[in-house]
Amino acid sequence: MSQSDPGAPDRAGRQGWVQALTSDERFRAQNVLGPAALLDAGLPLALFTVVYTAAGRDLTLSLWVALASGALLAVVRLLRKEQLQNVIAGFLGVGLAAFMANRTGRAEDVFLPGLLINVGYGLAYLVSIAVRWPLLGVFVGLVTGQGTAWRHDPALLRAYTRASLLWVGMFALRLAVQVPLYLSGEDQIGWLAGARLVMSWPLFLLVAYLSWLIIRPAYRAHQERTAAAKPGPVEG
C-alpha cells in the first residue's frame, strides 16, 4: 500500500465527493474511487505480507516484491494519465515503507509510515477544529472556489466541524486497532495487514458518505441564502 493516506483523500477522491456535495446528484462510491486507488489501497503490502509468510520470513525478497508492485501501480497511474505528483507520491510511499523496514530489519516497520501519517492527519484535523478552521471546510472551499465564506455561516461552520470530527475519529480508530498489532511484532503482521486493508478505502468511503450527509444540507442552505442575497438586475 502506498503510504499516502486514503483517509485524507487525494485530489481526485476529494473532488469526487465534493462534486456530489455541490451538485444535485447523490453520493456515489464509484465517483470517489477508481481502480488504481483500490489497487493502491492494498496490493504492495498485501503482496509483502504473503511473500514474507510464504518465503520463510525473507524480508529482502518481500520488500523487493512490494517495490515491484509499487512500480507497477505507478505505471498504471501513468497509463491512466493521472497527475504526475500522484504517481510519484504513490511510489515514494512504498519506497519509504521498504526503506524503514530494511533499515531496522523489522518486517512490521513497513507499516510504520502509515501509522505516523494517521497520527499527523488526526492531529491536523483536531487542531483545525480547535481553532475553528475545520479542515473539511478548507478543502471544500478550495475545491469549489467558495474560499472562506463558509466561516461566516454558523450552520455551515458547525457542519464542517462535526464532519471533521468524524475524520478525527477515523484516524483514532485506525491507530487504536493497528498500533497494538504493530507493537506485537512480526507474529501479528498478517492481522496488521488485514486491518490496514479493511480500514483504508472501505472506512474512508463510510466516513466520506457520513460527512456528505452532515455537510450537504447546510451547504445547500448556504447556497440558497447567498443566491437570495444577491441583488437582482437593475431595471432601466
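All of these numbers come straight from a predicted model, not from anything done at the bench.
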I need the Gln178 CD to Leu173 CG distance, nearest 0.5 Å.
8.5 Å
Approximate separation, where rounding is to 0.5 Å, of Ile214 CD1 and Leu136 CG
9.0 Å
Would you indicate whether the side-chain heavy atoms of Phe48 and Leu59 approach each other to under 4.5 Å?
yes
Test item: Val94 and Leu67 side chains (from C-beta on) under 4.5 Å apart, heavy atoms
yes
Would you check if the distance from the ring center of Trp133 to the ring center of Tyr160 is below 6.0 Å?
no
Find out whether Leu115 and Tyr182 are in side-chain contact, i.e. whether some heavy atom of one side chain is under 4.5 Å from a heavy atom of the other.
yes
Is any side-chain heavy atom of Pro134 closer than 4.5 Å to one of Trp150?
yes
Parallel, tilted or perpendicular: which describes the rings of His222 and Tyr219, with under 30° parallel and over 60° perpendicular?
tilted
Are any side-chain N or O atoms of Asp109 and backbone N or O atoms of Gly105, one a donor and one an acceptor, separated by less than 3.5 Å?
no
Listed partners of Leu126 passing side-chain contact (heavy atoms from CB on, under 4.5 Å), at least two apart
Val168
Which atom of Leu197 lies closest to which atom of Pro202, heavy atoms considered:
O-CD, 3.6 Å
Enumerate the salt bridge (Lys or Arg N to Asp or Glu O under 4.0 Å) contacts for residues 147-159, please, sequence neighbours excluded, ordered by first and then second residue.
Asp153-Arg225
For a 4.5 angstrom cut-off between non-hydrogen side-chain atoms, does Phe111 reach Ile189?
yes
